[in-house]
Protein chains: 2
Amino acid sequence: MKKIPKPALERLFIYYRVLLSAEQNGETVISSVEMGKRLDLDPAQIRKDLTYCGEFGKPRIGYRVDRLKNELKNILGLEEKKQAVIIGVGRLGMAIYSYPGFAKFGLEIVGLFDNDPTKVGLVLGGEPIRNISELGDFIREKRVPMGILTVPAPAAQRVADIMVDAGICAIWNFAPVTLKVPDRITVRNEDLAVGLATLSWNLLQSGCPYMERNTDTKE
Amino acid sequence: MKKIPKPALERLFIYYRVLLSAEQNGETVISSVEMGKRLDLDPAQIRKDLTYCGEFGKPRIGYRVDRLKNELKNILGLEEKKQAVIIGVGRLGMAIYSYPGFAKFGLEIVGLFDNDPTKVGLVLGGEPIRNISELGDFIREKRVPMGILTVPAPAAQRVADIMVDAGICAIWNFAPVTLKVPDRITVRNEDLAVGLATLSWNLLQSGCPYMERNTDTKE
DNA sequence: TAGATTGTTAATCGATTAACAATC
DNA sequence: TAGATTGTTAATCGATTAACAATC
């Protein structure tokens with residue numbers, strides 16, 4: 001299989017979702033132009049992206065929705081069960097744990113970990129919260145390929161080291177730090193504050209009228 | 001001010017954070033090489049990015065930590081209070097609401113909204129949950145420049161329309177849909193499932209040994 | 001001064017967009 | 001058939017990397 005550029009890879013998933021919704025609408029065929037309209041993307045780019053995984057379209061017709069949907073599902077591995085542990089059972093960790101949208105794409109949370117003694121031992125949605133001291137053995141024994149890191153920044157590297165040592169392959173990192181890990185480990189940084197910062201910059205640039213607060217009124 | 005390319009803009013914030021931590025370590029000066037090491041980035045890229053906002057370094061010395069930190073804070077507008085409403089008080093909405101890391105960068109949540117009648121009226125951290133029917137007027141009266149969208153996908157466009165109509169300038173969109181809004185509105189899509197999908201693909205590609213589950217064992 | 005590091009220009013790389021022949 | 005749409009090649013665009021003169 002050809003190498004897929006990272007931005008194209010991300011879009012493939014977006015296409016997958018548009019196909020899911022098209023399928024629900026009962027559409028059996030869809031063109032790159034129509035997908036482009038729904039996603040605000042260039043149709044040429046969509047066609048190009050899709051050729052990274054093969055030729056699925058028919059000139060004059062477009063793409064068969066169910067066919068393309070299944071191809072993308074296979075390529076992205078959304079069918080495969082991806083077992084994962086969550087480390088850091090704060091609000092964000094819980095949000096990820098309980099979000100049904102992820103399970104739909106094959107995510108299966110098999111363990112929850114925290115180092116807060118008031119949390120350890122609690123049972124959440126059927127899963128007990130374990131102590132981080134058990135994390136390494138747990139990953140090894142259960143052969144867990146993915147770790148979801150939702151601990152505070154200062155703890156992140158330490159936890160990552162434990163996971164890498166235990167043979168984890170991928171880390172979904174929500175902590176705002178650059179993890180030092182071996183090249184073989186896939187890390188996806190999901191640093192939400194970056195989004196806030198870019199919005200902040202844009203608000204300033206755009207001259208949003210609502211950014212001028214009424215400082216003259218006293219109450 | 002020169003236009004800043006989007007990827008560079010995102011990195012500027014990352015630099016800001018490294019400077020915060022350097023400051024806490026008591027470092028007064030830092031070079032692009034040192035920042036590059038900590039962030040796993042090319043020093044040339046860091047220097048280039050920094051020139052988008054001016055010349056702050058001294059040859060032979062590097063960058064003065066507090067100086068550069070403050071420059072970046074100004075450029076990104078992190079000092080400015082950015083008032084925002086959260087629409088959709090599920091777990092993710094609550095996680096964002098209660099995360100102290102965002103307040104540090106100027107985010108101030110001034111309103112919570114939901115359309116679930118069992119939630120409306122509850123008070124969370126001092127803020128009552130309001131009905132979405134009040135959203136438009138609230139934004140107009142309080143002159144709220146930013147909306148944080150954490151509703152389920154099917155509701156997202158409808159809520160976005162209300163916000164746009166009320167004069168909002170920026171939308172931080174966590175719903176997995178492409179919003180149709182006028183060009184003047186800044187939208188930041190934070191579609192977490194995209195991260196999951198790319199990790200999924202990488203896990204498959206990399207041949208992670210832990211992805212081969214023991215299907216031969218019966219129990 | 002000598003040498004390290006910046007700011008900047010030029011070269012490279014990669015991704016997007018445009019154009020169009022092939023095709024159904 | 002005629003015409004719409006794909007797959008693909010070529011052209012453009014933008015971002016990254018390399019190189020180096022300026023500088024402290």
Side-chain angles (χ1 to χ4, degrees), chain A residues 1-15 18-19 22 27-72 75 178 189 194 198 201, chain B residues 1-15 18-19 22 27-72 75 178 189 194 198 201:
Chain A
M1 189 182 298
K2 255 171 295 186
K3 196 196 147 293
I4 306 179
K6 197 187 159 198
L9 179 62
E10 300 193 355
R11 285 190 300 265
L12 287 181
F13 176 70
I14 305 291
Y15 305 154
V18 139
L19 291 165
E27 300 166 71
T28 57
V29 147
I30 194 166
S31 72
S32 58
V33 172
E34 180 55 31
M35 282 196 270
K37 262 193 211 126
R38 297 188 193 179
L39 297 172
D40 197 21
L41 291 173
D42 186 330
Q45 178 166 73
I46 295 176
R47 293 201 298 278
K48 176 127 233 221
D49 288 344
L50 291 176
T51 59
Y52 288 121
C53 11
E55 306 185 8
F56 306 127
K58 290 230 188 309
R60 178 71 239 265
I61 311 286
Y63 300 88
R64 276 188 42 207
V65 172
D66 65 338
R67 167 89 194 288
L68 185 53
K69 191 201 69 176
N70 287 322
E71 292 285 356
L72 290 177
I75 285 152
T178 303
N189 291 309
V194 169
T198 61
W201 184 83
Chain B
M1 184 183 304
K2 253 172 299 186
K3 196 194 147 294
I4 306 180
K6 196 183 160 203
L9 179 63
E10 300 193 356
R11 284 189 301 263
L12 287 181
F13 176 71
I14 305 290
Y15 305 153
V18 138
L19 291 164
E27 301 166 71
T28 57
V29 146
I30 194 166
S31 71
S32 59
V33 172
E34 179 56 30
M35 282 197 270
K37 262 191 210 127
R38 297 189 194 178
L39 296 171
D40 198 22
L41 291 173
D42 186 331
Q45 179 166 73
I46 295 175
R47 292 201 299 277
K48 175 124 232 220
D49 288 346
L50 291 177
T51 59
Y52 288 121
C53 10
E55 305 184 8
F56 306 125
K58 291 229 186 308
R60 177 72 239 259
I61 312 285
Y63 301 88
R64 276 188 43 208
V65 171
D66 66 338
R67 167 92 195 286
L68 185 54
K69 191 201 71 178
N70 287 323
E71 293 286 356
L72 291 176
I75 285 151
T178 303
N189 290 309
V194 169
T198 62
W201 184 82

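So you know, we letter chains A, B, ... as the sequences are listed, proteins then strands, and number each from 1.
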Just wondering, do [Y] and [X] contact through their side chains at under 4.5 Å, heavy atoms?
X       : Y        : value
B:Phe13 : A:Thr198 : no
B:Leu72 : B:Leu50  : yes
B:Glu10 : A:Trp201 : no

Atom pair distance, as rounded to whole Å: [atom1] in [X] and [atom2] in [N]:
X       : N      : atom1 : atom2 : value
A:Lys48 : C:dA19 : NZ    : P     : 15 Å
A:Gln45 : D:dA10 : CD    : P     : 20 Å
A:Ile46 : D:dG7  : CD1   : C1'   : 14 Å
B:Lys6  : D:dA15 : NZ    : P     : 11 Å
B:Asp42 : D:dA18 : CG    : P     : 6 Å
B:Asp49 : C:dT6  : CG    : C1'   : 14 Å
A:Leu9  : C:dT16 : CG    : P     : 12 Å
A:Leu50 : D:dT8  : CG    : C1'   : 14 Å

* To do: Quick one: closest heavy-atom pair of A:Leu39 and A:Tyr15, and the distance?
  => CD1-CD2, 3.6 Å

* Structure fact -> Scanning both residues in full, the closest heavy-atom pair of B:Leu9 with B:Ile4 reads N-CG2, 3.7 Å

* Taking only N and O in the side chain of B:Arg47, is any of them less than 4.0 Å away from OP1 or OP2 of C:dT6? ->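 True: B:Arg47 side-chain N/O within range (under 4.0 Å) of C:dT6 OP1/OP2.
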
* Asked: Is there a side-chain polar atom (N or O) of A:Ser32 under 4.0 Å from OP1 or OP2 of D:dT6?
  -> yes

How far does [atom1] of [X] sit from [atom2] of [Y], to the nearest 0.5 angstrom?
X       : Y       : atom1 : atom2 : answer
B:Glu34 : B:Glu27 : CD    : CD    : 6.5 Å
B:Ser31 : B:Arg60 : OG    : CZ    : 11.0 Å
A:Ile14 : A:Leu19 : CD1   : CG    : 11.5 Å

* Asked: Above 12 or not: heavy atoms from other molecules or residues under 6.0 Å from CZ of A:Arg64?
  -> no

* Could you pick out which residue, A:Ala44 or B:Ser31, lies toward the 5' side of DNA chain C when each is mapped onto its nearest nucleotide? =>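 The residue mapped nearer the 5' terminus is B:Ser31.
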
* Asked: Which ones in residues 55-72 of chain A lie close to DNA chain D, meaning a heavy atom under 4.0 Å from one of its atoms?
  ->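 Heavy-atom contacts with DNA chain D come from A:Glu55, A:Phe56, A:Gly57, A:Lys58, A:Pro59, A:Arg60, A:Ile61, A:Gly62, A:Tyr63.
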
* Structure fact -> Symbol by symbol from the 5' end, with Watson-Crick or G-U pairs under 3.5 Å, [ ] crossing and | another strand, DNA chain C is ..||||||||||||||||||||||

